[in-house]
2 protein chains.
Amino acid sequence: MENAVRSERTRQAAIQAALAIIARDGPGRLTLDAIARESGISKGGLMHQFRTKQAVLKALLEHQIEHFEKFSQDYLASTDPRQPEAHLSAQIETLREAVSEPHSVAFAIVAALAEEPDLLSIIRDIDVQKIANIKAEAADPELAMLRWAAARGLVLSSVFGLCPFSAEERERLFARLLDARQWDAFAKANR
Amino acid sequence: MENAVRSERTRQAAIQAALAIIARDGPGRLTLDAIARESGISKGGLMHQFRTKQAVLKALLEHQIEHFEKFSQDYLASTDPRQPEAHLSAQIETLREAVSEPHSVAFAIVAALAEEPDLLSIIRDIDVQKIANIKAEAADPELAMLRWAAARGLVLSSVFGLCPFSAEERERLFARLLDARQWDAFAKANR
DNA sequence: GAATAAAAACCGTCCAGTCGGTTTTTATGT
DNA sequence: ACATAAAAACCGACTGGACGGTTTTTATTC
């Protein structure tokens, strides 16, 4: 097999193994040895592809970011471009997706990142951009940011097992956050 | 000195030391040895008061809960009891306080608790109760929960260094969340 | 045959928790 | 009141396992 392909395969295997470990055993159990064991790669092979654990976590994070970025793009593409506040809706939909995926897949990563807080700045930088988009298109920017913050709150709460709502209740709340007409009326009335 | 006092002093010293370590060095550096060193207690003495690290974290968590519970009670006491949605306002005010206190005091604890996720259920159980209160008094319960979720989102984002807003912007958002009149009008219009 | 990838054994550090012992407080008997 | 025994608090060296990372060796690709 070609070297580039070989490397890529190994890296992907490592990432998938890491996701499995986090989902099954929690972020605290995500060790290099565990990844090696889970993926079938030897520790040496793993360390060859990722020089440090931080590098593994970074790859993991980028993998997830890519996943949700794609989701968000797809949503935007499938939506009427004249829809008001499309970026906001896309972000809220993406957050909703993040919270409802299989079983603590993507987000437990965030928990894993408690070990490497620096990596979270990657997410923040992306969010800054998203927020700028949302602001630019919003009739009432503050309200838009609050809707975004509420969605974020629901996601982060759920990720850390802090969410006091049931799954159905959370779903209803997301639905309401997405009810553009209602908020639009509010924004206009409040101008 | 009396035994009970002696124990209590030691336990408090440990908790204060733990807070100092988290604020200064981050949750990753919170070890039993570090707490012993910082507090002047010996390792043995520390272990006598807390049989496991989890016990330390639990005490730390309860200490912080008590702190914010008091803040919330004080707010409720100082407010006109006829004010609509007083519990919601109290919770949002408390969350605002949590995010603006000295320097990552209380919440970095949440980060520390990434090690012991079970402890977070204590917070969740309290939140469930708070949410029940908020719901009971709300003209529009869903809207009330969304306001709560937004405040939570701002706090958790900040705690984990994920917040894409500046401090002033965050402050404005909190102020708006607390503008009861505006939301009340919205709730009524939306009924 | 040079370079890259993978395997396997190994190393040093960190850290929660243990253990044997000392000091201080509290209970008891006289 | 005083002596003495028991209990509680405290001390700090030590242990054992986990874990991130390194080194050495072997296999595969170019």
Side-chain angles (χ1 to χ4, degrees), chain A residues 1-18 20-22 24-61 108-109 111-119, chain B residues 1-18 20-22 24-61 108-109 111-119:
Chain A
M1 200 190 308
E2 199 180 317
N3 265 343
V5 180
R6 218 152 66 114
S7 288
E8 188 55 26
R9 252 170 58 119
T10 301
R11 296 174 68 89
Q12 283 304 318
I15 289 173
Q16 289 308 318
I21 292 164
I22 290 175
R24 193 183 59 233
D25 307 329
R29 291 254 140 78
L30 185 67
T31 68
L32 293 173
D33 290 281
I35 294 172
R37 213 178 315 126
E38 177 90 16
S39 63
I41 308 164
S42 71
K43 184 145 180 205
L46 181 63
M47 294 310 283
H48 180 72
Q49 293 298 334
F50 304 97
R51 293 225 297 287
T52 67
K53 186 180 184 184
Q54 157 140 354
V56 177
L57 292 174
K58 187 166 178 220
L60 201 55
L61 181 61
I109 286 173
L113 295 176
E115 296 174 28
E116 295 287 349
D118 292 353
L119 288 178
Chain B
M1 199 191 308
E2 202 176 276
N3 266 344
V5 180
R6 218 150 62 112
S7 287
E8 187 54 28
R9 255 170 57 118
T10 302
R11 296 173 68 90
Q12 283 304 318
I15 289 172
Q16 289 308 317
I21 292 164
I22 289 176
R24 194 183 58 233
D25 307 328
R29 292 259 139 101
L30 185 66
T31 67
L32 292 174
D33 290 277
I35 294 172
R37 211 179 315 123
E38 178 90 16
S39 63
I41 310 165
S42 70
K43 181 91 177 272
L46 181 64
M47 295 310 283
H48 179 71
Q49 292 298 333
F50 304 97
R51 294 225 298 288
T52 67
K53 187 181 183 183
Q54 157 142 351
V56 178
L57 293 175
K58 186 167 178 219
L60 201 56
L61 181 59
I109 286 172
L113 296 176
E115 296 175 29
E116 296 288 346
D118 292 353
L119 289 177

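All chains are named by letter (A, B, ...) in the order of the sequence lines, taking the proteins before the strands, and each is independently numbered beginning at 1.
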Original post:
Between the side-chain atoms of A:Lys53 and the base atoms of D:dG21, is any donor-acceptor pair under 3.5 Å?
Top reply: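 In this structure, the two groups form no donor-acceptor pair.
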Original post:
Mapping A:Leu32 and B:His48 onto DNA chain D by nearest heavy atom, which one lands closer to the 5' end?
Top reply: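 This one resolves to B:His48.
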**OP:** By nearest nucleotide on DNA chain C, pick out whichever of B:Gly28 and B:Glu2 is the more 5' one.
**Re:**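 In this pair, the answer is B:Gly28.
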Subject >> Contact nearer the 5' end of DNA chain C, comparing B:Met1 with B:Gln54 >> reply: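 Closer to the 5' end of DNA chain C: B:Gln54.
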Testing the basics here: between [X] and [Y], what is the closest heavy-atom pair and its distance to 0.1 Å?
X	Y	result
A:Ala14	A:Ile35	O-CG2, 3.8 Å
B:Ala36	B:Lys43	CB-N, 3.9 Å
B:Leu57	B:Leu30	CD2-CD2, 3.8 Å

**OP:** Check every strand shown and say whether A:Ile41 touches a base, only sugar-phosphate, or nothing at a heavy-atom separation below 4.0 Å.
**Re:**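 Sugar-phosphate, no base atom in range.
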Original post:
With no hydrogens and no angle check, do the side chains of A:Ser7 and A:Gln49 hold a donor and an acceptor under 3.5 Å apart?
Top reply: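 Their side chains do contain a donor-acceptor pair, which is all the 3.5 Å distance test asks for.
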Let me know the distance between [atom1] of [X] and [atom2] of [N], rounded to the nearest Å.
X	N	atom1	atom2	result
A:Gln49	D:dG21	CD	P	16 Å
A:Leu57	D:dG20	CG	C1'	12 Å
B:Lys43	D:dC11	NZ	P	14 Å
A:Arg29	D:dG17	CZ	P	15 Å
B:Arg9	D:dC10	CZ	C1'	13 Å
A:Leu30	D:dA18	CG	P	16 Å

**OP:** Identify the 5'-most and 3'-most nucleotides of DNA chain C with at least one atom closer than 4.0 Å to a non-hydrogen atom of chain B.
**Re:**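 Contact span on the strand: C:dC15 to C:dT26.
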Original post:
Given side chains that start at C-beta, do those of B:Arg6 and B:Asn3 come closer than 4.5 Å, heavy atoms only?
Top reply: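 Yes, their side chains come closer than 4.5 Å.
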**OP:** Would you check if A:Leu60 and A:Ile22 make a side-chain contact, meaning some heavy-atom pair closer than 4.5 Å?
**Re:**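 A side-chain contact under 4.5 Å exists here.
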**OP:** May I ask you to decide whether B:Arg29 forms a salt bridge with B:Glu38, counting only side-chain N to carboxylate O separations under 4.0 Å?
**Re:**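 Salt bridge flag = no for B:Glu38 with B:Arg29.
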